[in-house]
Amino acid sequence: MKNKLKMSFLAEPNDANFRGNVHGGKVMKWIDEIGYALSVQYSGHYCVTKFVDDIEFLSPIKIGDLVKLEAEIIKVGFSSMRIKIIVYSKDLFKKTKQLNCECFIVFVALDEKDRKVKVTQLLA
Ligand SMILES: CC(C)(COP(=O)(O)OP(=O)(O)OC[C@H]1O[C@@H](n2cnc3c(N)ncnc32)[C@H](O)[C@@H]1OP(=O)(O)O)[C@@H](O)C(=O)NCCC(=O)NCCS
C-alpha cells in the first residue's frame, strides 16, 4: 500500500489575494485535499480530517508559481493516520524553489455508517 502522494499544479490568479500571493486558506485547502486523497488511497475507506498541527507559512506563493505538495503517512493508529505534508513552490522564470509550509495532519478512516474502522499498519 502506497503511503506517499505528490501533487503539483500552477498557482492561479483566483487563488491569490490583492498582493498576488496565494491565500493562506487556499494552501490549507490543498493540504486538506492531499491528506484526504492519501488517507483514502492508503486505507481504502472514506476519511475525515481529525486534527491539524500548527501551520506556519514560511514564504509566499506567487501567481504562476508551480506548487508542489508532498504527503507521507508517518504513523498509523487504529483508525488514524498521521501525515506529514510539505508545500514547495517554484518560480518557473527564475528557476528558484522555496519551502512554503510544513505541517502534520491526522485523518480518521470511517465505514459506511461513520464508525471508526481499522487501518492496516505501516510496513516497517
Ligand atoms: C472522526 C470522528 C468520527 C472520531 O470520533 P471519536 O470517537 O470522537 O474519535 P477518537 O477520540 O477515538 O479519535 C479517533 C482517532 O483520532 C485520534 N486523535 C484524536 N484526537 C487527536 C489529536 N488531537 N491528535 C492526534 N490524533 C488524534 C485518536 O487517537 C484516534 O486514533 P486511533 O483510532 O488510531 O486510536 C469524529 O471526531 C468526527 O466525526 N469528527 C468530525 C470530522 C470532520 O467533520 N472533519 C472535517 C471535515 S472532513
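Source: prediction; values computed, not measured. Whatever order the structure lists ligands and atoms in, that order sets their numbers, starting from 1.
With sequence neighbours excluded, no residue satisfies side-chain hydrogen bond (donor to acceptor under 3.5 Å, both in side chains) with Arg19. By the side-chain hydrogen bond (donor to acceptor under 3.5 Å, both in side chains) test, Asn17 is found to be paired with no residue, residues two or more places apart in sequence or in another chain being considered.
Of the possible polar contacts, one joining the Ser59 side chain to the Leu99 backbone as a donor-acceptor pair under 3.5 Å is found. Asn21 contributes no side-chain N or O that, together with a main-chain N or O of Lys62, makes up a donor-acceptor pair within less than 3.5 Å.
Residues in residues 28-40 take part in these salt bridge (Lys or Arg N to Asp or Glu O under 4.0 Å) pairs, two or more places apart or across chains: Lys29-Glu33.
Scanning all heavy atoms of the two residues, the minimum distance from Gly24 to Phe57 falls at O-CZ, 3.6 Å.
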Which pairs of N or O atoms, one from ligand 1 and one from the protein, are separated by less than 3.5 Å, and what is the distance for each pair?
| unit_1 | atom_1 | unit_2 | atom_2 | d |
| --- | --- | --- | --- | --- |
| ligand 1 | 7 (O) | Lys116 | NZ | 2.9 |
| ligand 1 | 12 (O) | Lys116 | NZ | 2.6 |
| ligand 1 | 31 (O) | Ser80 | OG | 3.2 |
| ligand 1 | 33 (O) | Ser79 | N | 2.9 |
| ligand 1 | 33 (O) | Ser79 | OG | 2.6 |
| ligand 1 | 34 (O) | Phe78 | N | 2.6 |
| ligand 1 | 34 (O) | Ser79 | N | 3.1 |
| ligand 1 | 34 (O) | Ser80 | N | 3.0 |
| ligand 1 | 34 (O) | Ser80 | OG | 2.6 |
| ligand 1 | 37 (O) | Lys50 | NZ | 2.7 |
| ligand 1 | 45 (N) | Thr49 | O | 2.9 |

